[in-house]
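First up is the structure itself, then whatever we jot down about it.
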Amino acid sequence: MESEKKQNVVRFCVRAYLVLQLLALLIIVLAVLFGSSCYAQNVNDILGKATVAYDKSNGIEATFSIHTRSTQQGVSESFEGVINMKGDKFTLVTPGMRTWFDGKTQWSYVERNDEVNVTVPTGEELQMTNPVLLLKSYKKGFNPVYKGESTAANGKSAYDIELTPKKKGDIQNISLQIEKNTCLPVGIVMETKGGVTTSIRISKLKTDVNQPDSFFVFKEADFPDAEVIDLR
């Protein structure tokens, strides 16, 4: 039983890591929502304006679907979820799993175990779970390359951008497909070592959500039977 709990927690952490890494890329193209023209930008312009655009967003909510496939193991997984982000705070909801982060404390809830792990992430851990810090790390840790134009799955013209890590690690490359007319991402794909490919599609995106700070805090009253494990 204890081993099964640990496996579920590990599964949650891996899923959350993949989701947050890919959704951090979404912020890269948010500049268009504040009056920028995609036609006037190159890849460095987009990256340079991304953090400022996020700061002006006043809270973001995104509904997404993710598909992960391992060619070596011959397995795949698909799921949907919702992420809310504001400043250095975020919440993430995927099937059976939730996380809250209020800028200091993180609560990770696994529905199957009905337990919540409470932690204070280190700076290194935050680099792996906080979309804003991930975005900033992309500017320092990845080389962006404009690859040209292509036709997206919706039949519209799109720009292709590839992010290659400056140092060797688990991530091999990340590809962005950005629709020319809207500058919104129509495809985000991450390839990692071991033949694992993860792709994401954004089905709904809202800005100016203006979530209150309490939105990013775990509320015990909403989960009265959950076991709270304080690891701080």
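Within 6.0 Å of atom NZ in Lys219, more than 12 heavy atoms from other residues, nucleotides or ligands are found, so the atom counts as buried in its surroundings.
The closest side-chain heavy-atom distance from Asp213 to Asp102 is not below 4.5 Å. Phe90 places a side-chain heavy atom less than 4.5 Å from the side chain of Gln106. Looking at heavy atoms from C-beta onward, Asn84 lies in side-chain contact with Phe216 at the 4.5 angstrom threshold. You'll find the side chain of Glu61 reaches within 4.5 Å of the side chain of Val82, heavy atoms only. In this structure, the side chains of Thr91 and Arg98 stay at 4.5 Å or more apart for every pair of heavy atoms. Residues Asn58 and Lys86 meet the side-chain proximity criterion, which asks for heavy atoms closer than 4.5 Å.
The backbone N or O of Trp107 sits less than 3.5 Å from a side-chain atom of Thr99, completing a donor-acceptor pair.
Of all non-hydrogen atoms in Ile83 and Leu92, the two that sit nearest each other are CB-CD1, 4.2 Å.
A distance of 8.5 Å separates CG of Asn117 from CD of Glu227, quoted to the nearest 0.5 Å. Taking CG of Asn173 as the start and OG1 of Thr192 as the end, the distance is 10.0 Å to the nearest 0.5 Å. Atoms CZ and CH2, on Phe218 and Trp100 in that order, are 5.5 Å from each other to the nearest 0.5 Å.
Between Tyr109 and Phe223, the ring planes lie tilted relative to each other; the angle falls in the 30° to 60° range.
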